[in-house]
Amino acid sequence: MQCVTSKILSVCDLGEEYYRIILERPENMVFSPGQFVSVMDQNSPDLLRRPFSVASQTQREILLLIKEVGKMTKRLRKSSPGDCLSVMGPLGKGFDTSGQNKALLIGGGVGIAPLLGLSQELDAQGRDYLCLLGFRDECEPAKLFKKTNLRIHRETKEPGFVTDLLKEVLQEGVEVFACGPLPMLKAVRSMCMEAGVPSQLSLEEKMACGIGACIGCAVPVKNNSGTVYKKVCSDGPVFRGEELAWE
Amino acid sequence: MQCVTSKILSVCDLGEEYYRIILERPENMVFSPGQFVSVMDQNSPDLLRRPFSVASQTQREILLLIKEVGKMTKRLRKSSPGDCLSVMGPLGKGFDTSGQNKALLIGGGVGIAPLLGLSQELDAQGRDYLCLLGFRDECEPAKLFKKTNLRIHRETKEPGFVTDLLKEVLQEGVEVFACGPLPMLKAVRSMCMEAGVPSQLSLEEKMACGIGACIGCAVPVKNNSGTVYKKVCSDGPVFRGEELAWE
Amino acid sequence: MGVNTLLRTTIGTLELKNPVTVASGTFGCGREFAQFFDLSILGAVSVKGITLEPRKGNPPPRLHETPMGLLNSIGLQNPGVEHFIREEIPFLRRYDTKIIANINGNTIEEYRELSSILNREDVDAIELNVSCPNVKEGGMVFGTDKEMLRRAVRAVRSVVTKCLIVKLSPNVTSIADMARICQEEGADAISLVNTFSGMAIDVQSGRPVFHLVGAGMSGPAIKPLALKKVYDVYQAVEVPILGMGGISSGDDAVEFLLAGSSAIAVGTAMFSNPLLPVEILRYLKSFTRAKKMGVEHITGLAHRGGFS
Amino acid sequence: MGVNTLLRTTIGTLELKNPVTVASGTFGCGREFAQFFDLSILGAVSVKGITLEPRKGNPPPRLHETPMGLLNSIGLQNPGVEHFIREEIPFLRRYDTKIIANINGNTIEEYRELSSILNREDVDAIELNVSCPNVKEGGMVFGTDKEMLRRAVRAVRSVVTKCLIVKLSPNVTSIADMARICQEEGADAISLVNTFSGMAIDVQSGRPVFHLVGAGMSGPAIKPLALKKVYDVYQAVEVPILGMGGISSGDDAVEFLLAGSSAIAVGTAMFSNPLLPVEILRYLKSFTRAKKMGVEHITGLAHRGGFS
Ligand SMILES: Cc1cc2nc3c(=O)[nH]c(=O)nc-3n(C[C@H](O)[C@H](O)[C@H](O)COP(=O)(O)OP(=O)(O)OC[C@H]3O[C@@H](n4cnc5c(N)ncnc54)[C@H](O)[C@@H]3O)c2cc1C
Ligand SMILES: Cc1cc2nc3c(=O)[nH]c(=O)nc-3n(C[C@H](O)[C@H](O)[C@H](O)COP(=O)(O)OP(=O)(O)OC[C@H]3O[C@@H](n4cnc5c(N)ncnc54)[C@H](O)[C@@H]3O)c2cc1C
Ligand SMILES: Cc1cc2nc3c(=O)[nH]c(=O)nc-3n(C[C@H](O)[C@H](O)[C@H](O)COP(=O)(O)O)c2cc1C
Ligand SMILES: Cc1cc2nc3c(=O)[nH]c(=O)nc-3n(C[C@H](O)[C@H](O)[C@H](O)COP(=O)(O)O)c2cc1C
Ligand code: FES
Ligand code: FES
């Protein structure tokens with residue numbers, strides 16, 4: 001893990017809410033699907049870095065898929081090729097892709113980001129999978145995914161949620177990978193537990209250090225003596241649905 | 001006085017330390033020499049605006065001459081044409097140019113900024129004047145001034161200070177206008193008072209509101225009962241040498 | 001601005017058409033900001049701190065910027081109460097806004113005399129400032145020592161029939177205790193916070209930046225601290241709160257209402273954005289409309305489970 | 001790093017090769033930051049707060065960013081003193097740096113027991129944290145009540161023969177009074193400040209962001225306030241000060257030395273810049289060389305007229 005300066009190669013809008021940034025990949029920074037970086041720009045009025053999943057990587061580049069929600073995500077969108085960012089990474093533990101079963105990838109909104117790299121990894125492994133991506137309205141970012149194995153749900157077009165798609169295809173013998181808003185993740189988790197299907201959920205929590213030092217990004221996890229708090233940044237961001245002690 | 005958004009038209013280096021920025025002149029914002037604006041950029045990590053003299057103006061543009069000293073002046077230098085700034089102005093009371101005598105303009109470093117507009121005003125009036133500009137090393141910004149009526153002093157090339165030039169030409173029947181670092185202004189003031197010559201000094205002080213509301217930018221001024229504090233932003237920034245109660 | 005009943009609020013005996021006011025010392029007596037907006041939009045104006053006699057104030061430097069904060073050491077420079085009565089009251093009365101006279105003294109006697117003078121004048125409320133950190137005598141002592149505070153409030157209350165607001169210092173172990181004293185002594189309202197005690201050192205000279213060493217810190221940096229003080233005081237007393245400290249957006253203003261403020265004051269953040277009071281007012285209009293809830297119901301709601 | 005006599009300093013009986021340390025709770029036990037730099041460059045490491053028994057900590061959210069500040073409500077999550085002794089001391093001992101054990105308790109008895117256990121272990125100093133605002137019992141009460149503070153320091157001092165540092169809360173009217181009590185009860189040094197008491201409210205839900213309502217604020221926002229506390233304590237007592245609160249640059253570190261700190265700790269600002277301790281150390285090297293003056297002479301110089 002390192003903290004280095006990296007150049008922005010391109011910034012490109014994906015509709016109104018979303019955009020993607022391509023960064024020069026810092027040497028020796030290799031990401032597995034689900035891992036993230038924590039970034040900061042030098043002129044920033046923010047005290048803390050901001051975590052973003054590495055949506056995909058090539059030899060020389062990493063791609064971030066970003067939703068504009070606040071100060072930093074607004075500023076980043078306005079940055080120009082050649083601008084520099086401080087990038088810390090690779091952070092966290094990504095998805096466990098050692099399974100063999102058919103994979104169901106379910107993502108909501110910008111939560112589809114880590115699923116992009118995951119789908120590419122599964123492609124490389126030749127493992128069977130299906131992507132279910134849900135959006136409120138715009139679904140430009142879905143175009144980054146391979147058209148085969150893809151189903152899209154738009155709340156403004158169809159009634160219901162992306163989890164309704166999951167309901168249709170959920171069956172024994174699959175493995176579920178999910179990332180998205182908390183209510184979606186909670187629903188996915190319950191559905192999987194009911195169906196007896198293993199799930200891996202990528203969580204979000206406010207972060208300060210991003211490396212496991214401050215214990216600020218707590219998520220309740222079951223252990224034999226009850227629940228304990230684990231760290232989203234370093235124990236996660238990916239957790240097994242069964243181990244989470246939500247509610 | 002107004003507070004409006006204005007577009008940056010160009011940013012251009014004048015050597016290592018200095019640069020100039022040309023801003024779209026907000027409609028109805030008319031400056032007399034010595035007045036200033038207070039600026040802020042929206043993405044700023046600073047709480048306060050920053051005051052800059054309007055070095056000169058045309059129908060559609062205002063020119064700022066800036067020295068890079070800290071956060072904002074560093075950031076401004078990196079801005080691009082088209083970027084917007086919030087500009088408050090016109091602020092302060094400028095130089096009193098109603099006199100008739102020969103004018104000696106003496107400026108140190110970036111303190112030459114308000115003297116540029118002043119010299120242009122004197123040109124327009126057809127009043128006789130001489131500019132004495134002092135720099136530590138680089139003197140690029142002096143190129144903005146008309147070559148006639150100009151003498152430059154560079155500390156790294158010649159011994160002494162720009163006030164030595166003043167000593168040579170100071171004589172009864174002139175009027176002195178000065179802007180620059182505090183030690184220079186203090187020296188100019190003493191020299192003028194000794195020579196019985198009126199002086200107008202443009203001062204700097206840290207500012208918060210810039211409009212006279214917070215009484216933060218105090219400068220001691222003589223009155224019949226001793227000294228009182230006046231406000232650099234609204235009573236000044238230009239003060240008569242004789243009225244200041246320095247030391 | 002038309003009448004908007006959702007925005008109405010009261011601080012003690014003072015009825016405000018809306019909860020947006022400006023903090024003492026950051027707004028002069030309004031003349032400067034009147035260039036930017038109509039002062040009649042404001043619920044009230046708290047004027048620059050007044051003393052019995054003119055005050056010269058502290059030598060420069062008086063300001064120092066810190067990360068999202070401002071240190072000031074103005075030292076209550078003001079032309080004295082007579083000037084205020086003669087020049088500033090008539091000016092402010094041209095606007096449809098309440099006048100809060102912020103009073104300061106070195107001794108109990110001074111506080112009493114000043115407040116009895118102002119009680120006879122055309123101001124709407126008197127704000128007893130016991131929390132100025134930037135003067136050598138008096139000032140913050142009254143705001144950090146319980147007995148002194150009690151005596152100051154009692155003395156002023158005994159001569160003030162108008163709405164009496166006590167402005168508390170945040171530089172205490174228990175601001176709730178201080179608020180209780182104000183309530184016991186009959187204050188109509190409490191305003192908080194005044195500035196936090198801070199300082200800066202020039203690393204090249206190695207000396208403190210300010211002549212008096214300490215200075216008062218304001219601005220967005222202190223907002224989370226100020227908010228907590230408001231929350232604590234709301235829990236401790238019944239008297240209404242005029243909340244302030246680092247407010248720089250409509251959301252900040254709402255946070256202060258939720259924590260327990262009946263009205264809010266904008267200060268330091270106006271220096272960079274002089275139109276902030278206008279923007280906050282606009283925000284509160286749409287916020288109260290969206291929540292279908294008036295300011296008086298939002299006040300303190302964070303103690304009662306929030307919106308639901 | 002070679003020996004640099006200009007950088008040497010002592011806090012009480014603890015000799016440090018340089019004044020750069022890291023603040024408890026922001027550095028874990030060093031494992032994470034060891035990925036960025038060699039921990040041996042540090043004068044000392046103050047480890048994450050330790051309790052007798054494992055602590056679960058507070059439910060999320062535990063963090064909230066504010067303008068240049070950070071609110072935290074971690075609640076002292078830690079695996080307990082046994083784990084610390086077994087796992088963390090051996091890890092940290094691989095580096096050439098002093099170990100400061102930051103101890104926490106709900107009762108005087110807990111403080112005493114924990115410190116007597118650690119006094120027998122291979123740590124260099126014990127930092128008695130009487131100022132954690134993020135626990136329901138104990139915590140900050142010991143740091144804001146004079147008698148409680150006295151009893152806590154006395155109890156711990158009676159069993160600790162190592163260097164005893166008391167970490168004070170800034171949330172008091174007079175931190176000088178608290179420091180005097182520490183000195184009277186035999187503390188070897190004082191560290192300050194811990195976090196300021198603050199809070200945040202979610203304007204959409206109308207409820208406090210944190211479950212315990214209040215949270216501790218750190219980061220550059222509090223620097224001017226923390227600096228003033230250090231300045232005040234330096235004037236009040238003879239015991240050395242480990243200064244902290246918002247330090248985010250070499251200049252900030254120098255300000256804390258000038259105000260009276262014998263050593264400084266970096267905390268929140270490391271989250272965005274993990275190499276900050278390295279940068280500060282480099283800065284102090286060149287600063288002391290340029291001024292031809294060692295850290296021990298710079299300590300408190302702002303009280304003695306500065307550089308001249
Ligand atoms: C492991 C991880 C991976 C992430 N990956 C992506 C990604 O690939 N693409 C993407 O667009 N976003 C991602 N996020 C969320 C992203 O970090 C936040 O959107 C971003 O920090 C907001 O910064 P801001 O300055 O724009 O917003 P702010 O102005 O700070 O806040 C705006 C809103 O965002 C919320 N927010 C702020 N920080 C965080 C945070 N650390 N986590 C969650 N919510 C936050 C605030 O509560 C607020 O409601 C990820 C978060 C985590 C924890
Ligand atoms: C009336 C007036 C007119 C001015 N005109 C010009 C001009 O035409 N061109 C120009 O380059 N500069 C001018 N200045 C100075 C300019 O305002 C400061 O250089 C600028 O505010 C520094 O901002 P910064 O963020 O880059 O520096 P910071 O990071 O804030 O500070 C860097 C250094 O500059 C000093 N400084 C900060 N603010 C001020 C201030 N308001 N006044 C004086 N010193 C300050 C700080 O003490 C510090 O030493 C003028 C100042 C005043 C008061
Ligand atoms: C420059 C300045 C001058 C002030 N003068 C006074 C004053 O005279 N009387 C007073 O009660 N408070 C005074 N204050 C405190 C403010 O009224 C307010 O309580 C404080 O600044 C916190 O609010 P803010 O962070 O929004 O500015 C002053 C504050 C500043 C910044
Ligand atoms: C996330 C976090 C956890 C902390 N935990 C502790 C702790 O366990 N014990 C302690 O004495 N101080 C703790 N502190 C306080 C810091 O040690 C330090 O006193 C404070 O953060 C001020 O310094 P800073 O502004 O540089 O961070 C913690 C601070 C933060 C931000
Ligand atoms: S963000 Fe610090 S431990 Fe996760
Ligand atoms: S800066 Fe506020 S009065 Fe001059």
Side-chain angles (χ1 to χ4, degrees), chain C residues 64 66-71 144-146 169 171-174 196-208 213-215 217 219-232 246 248 250-259 287 291 293 298 301-308, chain D residues 64 66-71 144-146 169 171-174 196-208 213-215 217 219-232 246 248 250-259 287 291 293 298 301-308:
Chain C
H64 186 79
T66 70
M68 283 296 132
L70 173 66
L71 288 168
T144 53
D145 181 306
K146 291 184 197 174
S169 168
N171 302 298
V172 294
T173 308
S174 168
F196 281 80
S197 181
M199 74 177 292
I201 296 176
D202 180 278
V203 298
Q204 285 314 319
S205 74
R207 286 187 293 272
V213 178
M217 185 150 130
I222 65 163
K223 198 207 74 180
L225 313 184
L227 191 69
K228 180 65 161 54
K229 302 284 181 188
V230 169
Y231 192 93
D232 290 349
S248 68
D251 274 343
D252 288 347
V254 173
E255 275 192 85
F256 272 83
L257 295 177
L258 289 163
F287 190 90
K291 293 286 184 191
M293 200 181 272
I298 296 174
L301 206 61
H303 301 260
R304 302 190 296 273
F307 302 108
S308 51
Chain D
H64 185 79
T66 71
M68 283 298 132
L70 173 66
L71 288 168
T144 53
D145 180 306
K146 290 184 199 176
S169 168
N171 303 298
V172 293
T173 308
S174 168
F196 281 79
S197 183
M199 76 178 291
I201 296 177
D202 180 281
V203 297
Q204 285 313 320
S205 74
R207 286 187 292 274
V213 178
M217 183 149 132
I222 66 163
K223 198 207 74 180
L225 313 183
L227 192 67
K228 180 64 161 56
K229 302 284 181 190
V230 169
Y231 192 93
D232 290 349
S248 68
D251 275 343
D252 288 348
V254 173
E255 276 192 85
F256 273 82
L257 296 176
L258 289 163
F287 190 90
K291 294 284 184 192
M293 201 183 271
I298 295 175
L301 206 61
H303 301 259
R304 301 189 298 273
F307 300 109
S308 50

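Here the structure is a predicted model, which means the values were calculated and not measured. Reminder, nothing fancy here: chain letters follow the sequence lines and each chain counts from 1.
Note that OG of Ser174(D) and CG of Asp145(C) are 11.5 Å apart. Values are rounded to the nearest 0.5 Å. Rounding to the nearest 0.5 angstrom, the gap separating the CG atom in Asp232(C) from the CE atom in Met199(D) is 8.5 Å. Expressed to the nearest 0.5 Å, how far CG of Asp202(D) lies from CD of Glu255(C) amounts to 8.5 Å. With rounding to the nearest 0.5 Å, the separation of CD in Gln204(C) from CG in Asp251(D) is 7.0 Å. Put simply, CD1 on Ile222(D) and CE on Met217(C) are 9.0 Å apart, with the number rounded to the nearest 0.5 Å. To the nearest 0.5 Å, the span separating CZ on Arg304(D) from CZ on Arg207(C) amounts to 13.5 Å.
Checking side-chain atoms of Thr173(D) against main-chain N and O of Thr173(C) turns up a donor-acceptor pair under 3.5 Å. A donor-acceptor pair is defined here as one N or O able to donate and one able to accept, closer than 3.5 Å; no such pair exists between the side chain of Lys229(D) and the backbone of Gly198(C).
Among Ala259(C), Gly306(C), Gly305(C), Pro224(C), the residue making the largest number of heavy-atom pairs under 4.5 Å with chain D is Pro224(C). Interface remark: of the candidates Asp252(C), Val213(C), Thr66(C), Leu257(C), Val213(C) forms the most heavy-atom pairs closer than 4.5 Å to chain D. Most heavy-atom pairs under 4.5 Å with chain C, from the set Ser205(D), Gly219(D), Gly246(D), Ser248(D): that is Ser205(D).
When all heavy atoms are compared, the tightest approach of Phe196(D) to Leu225(C) is CB-CD2, 3.6 Å. Heavy atoms only, all atoms of each residue included: Met68(C) and Pro67(D) are closest at CG-CB, 3.8 Å. In this structure, Ala200(C) and Leu227(D) approach most closely via the heavy-atom pair CA-CD2, 3.9 Å.
Heavy atoms closer than 4.5 Å to chain C are found in both the backbone and the side chain of Leu258(D). When heavy atoms are compared at a cutoff of 4.5 Å, Phe287(D) approaches chain C solely by way of its side chain, counted from C-beta outward.
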